[in-house]
Amino acid sequence: MQVRVLPDARAVAVAAADLVEETVRRHPAAVLGLATGSTPLGLYDELVRRHAAGLDLSRTRCFLLDEYVGLPADHPERYRAVIARELTDRVGIPPAQVHAPPADAGDLPAACRAYEAAMATAGGVDLQVLGLGVDGHIAFNMPGSDPAAGTRLVELSEQTLRDNARFFGGDVAAVPRRAVSQGLETITRARRLLLLATGPEKARAARDAVVGPWSPQVPSSALRSHPATVVLADAAAGALLPAWFTAPEGRRRSA
Ligand code: GLP
């Protein structure tokens, strides 16, 4: 795990965009794993800027981490709609190249298996962008999730319902209680993982991800078993990390 604590959220967005750009320059039809939530928005804005400056993202294929169950197809908070609005439509990635977990399928287990198969057929995810829930969740893998689980139907925790109410006019009752989420096993199959954490409310979760117990109660700890995980935190989210992570360049250590 390579951990970098950067001065602010803007620096996190720029460093994250550097990794996406490096991936796409090496492989123009790269498979990108995309996260929703507020943390990656700075990265997505930075990619829009680089796209305007000539970075071609139009051949990338994208797979979302999760999708709410029970929202109408045209609801603006469906993650499919969110990612189109925040990134893919803005950088010219055709909708046919953007895939979301199957929230409306009649036979959900079969549709989840088909989603995993589509990821494999695309060649697997080259770079997976991840945010971090305040309780340490990754995608919608809540504390206690089976680290060996694949894409499946999940129940959201009360904490997550409260956290995500801000996207539904502050109304906790309007947040879907269920979602389809890639599992930790699915996520850790990506060739490279990029975990972003910004703001003081993520400080505990960032510490637990990097140096907390290796436990299903800390879903993000599963990322430590991956050989190519990069963690980018701003100073606020990195505040509880051991001091060596904030040491000057060259004297930093990896977890
Ligand atoms: C949601 C998403 C996660 C995201 C998390 C954190 O629950 N399913 O993928 O990482 O929220 O969101 P935010 O970045 O808004 O804090």
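Just so it is clear, the model here is predicted, and its values are computed rather than measured.
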Handout entry: Parallel, tilted or perpendicular: ring planes of Y79 versus F140, cut at 30 and 60 degrees
Key =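 Judged by the thresholds at 30° and 60°, the geometry between Y79 and F140 is parallel.
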
Are [X] and [Y] close enough that some pair of their side-chain heavy atoms sits under 4.5 Å apart?
X: V91; Y: T60; result: no
X: I83; Y: C62; result: no
X: E46; Y: D18; result: no
X: T88; Y: Q97; result: no
X: V180; Y: P102; result: yes
X: T36; Y: D66; result: yes
X: R49; Y: D45; result: yes
X: L232; Y: R4; result: yes

Practice task
State whether a side-chain donor-acceptor pair under 3.5 Å links T23 with R191.
Solution key: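 No, no side-chain donor-acceptor pair sits under 3.5 Å.
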
Handout entry: Within the 6.0 Å centroid threshold, strictly below: Y68 and F168
Key =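 So the answer is yes for these two rings.
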
Nearest 0.5 Å please: distance from the [atom1] atom of [X] over to the [atom2] atom of [Y].
X: M142; Y: H137; atom1: CE; atom2: NE2; result: 4.5 Å
X: R192; Y: L19; atom1: CZ; atom2: CG; result: 5.0 Å
X: R25; Y: D56; atom1: CZ; atom2: CG; result: 9.0 Å
X: R152; Y: E185; atom1: CZ; atom2: CD; result: 11.0 Å
X: E158; Y: D135; atom1: CD; atom2: CG; result: 11.5 Å
X: L43; Y: R10; atom1: CG; atom2: CZ; result: 11.0 Å

Problem - Pairing of E77 and R85 as salt bridge, 4.0 angstrom limit - result: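 Yes.
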
Problem - Salt-bridge contact R78-D104 (side-chain N to carboxylate O under 4.0 Å) - result: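 Judged by the 4.0 Å cut-off on N to carboxylate O distance, R78 and D104 do form a salt bridge.
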
Compare every heavy atom of [Y] with every heavy atom of [X], then report the nearest pair and how far apart it is.
X: I138; Y: L223; value: CD1-CD1, 3.9 Å
X: L196; Y: P40; value: CD1-CA, 4.2 Å
X: H51; Y: R90; value: CD2-O, 3.5 Å
X: V12; Y: D234; value: CG2-N, 3.6 Å
X: A197; Y: L132; value: CB-CD2, 4.2 Å
X: A237; Y: A206; value: O-CB, 3.4 Å

Short side-chain to backbone donor-acceptor contact, [X] and [Y], under 3.5 Å:
X: H226; Y: A190; result: yes
X: R61; Y: A29; result: yes
X: Q159; Y: V134; result: no
X: R80; Y: V98; result: yes
X: R224; Y: A209; result: yes
X: S221; Y: S215; result: yes

Joint hydrophobic cluster, [X] plus [Y], side-chain heavy atoms closer than 4.5 Å:
X: V211; Y: L240; value: no
X: L32; Y: L55; value: yes
X: V31; Y: V129; value: yes
X: L153; Y: L184; value: no
X: V48; Y: I93; value: yes

Exercise for the section: Start with the C-alpha gap between R50 and V20, add the side-chain angles, then the distance that decides, and say whether side chain to side chain contact (heavy atoms under 4.5 Å, CB included) holds. Expected result: CA-CA 11 Å; R50 294 185 190 197; V20 175; over 6 Å; no

Exercise for the section: For R26 and D126, run side chain to side chain contact (heavy atoms under 4.5 Å, CB included): C-alpha distance rounded to whole Å, both residues' side-chain angles, the deciding distance at 0.1 Å, then the answer. Expected result: CA-CA 11 Å; R26 209 174 38 230; D126 291 298; over 6 Å; no

Practice task
I would like to know whether M119 and Q182 meet side chain to side chain contact (heavy atoms under 4.5 Å, CB included); could you show each step before the answer?
Solution key: CA-CA 11 Å; M119 292 170 74; Q182 288 188 31; 3.6 Å; yes

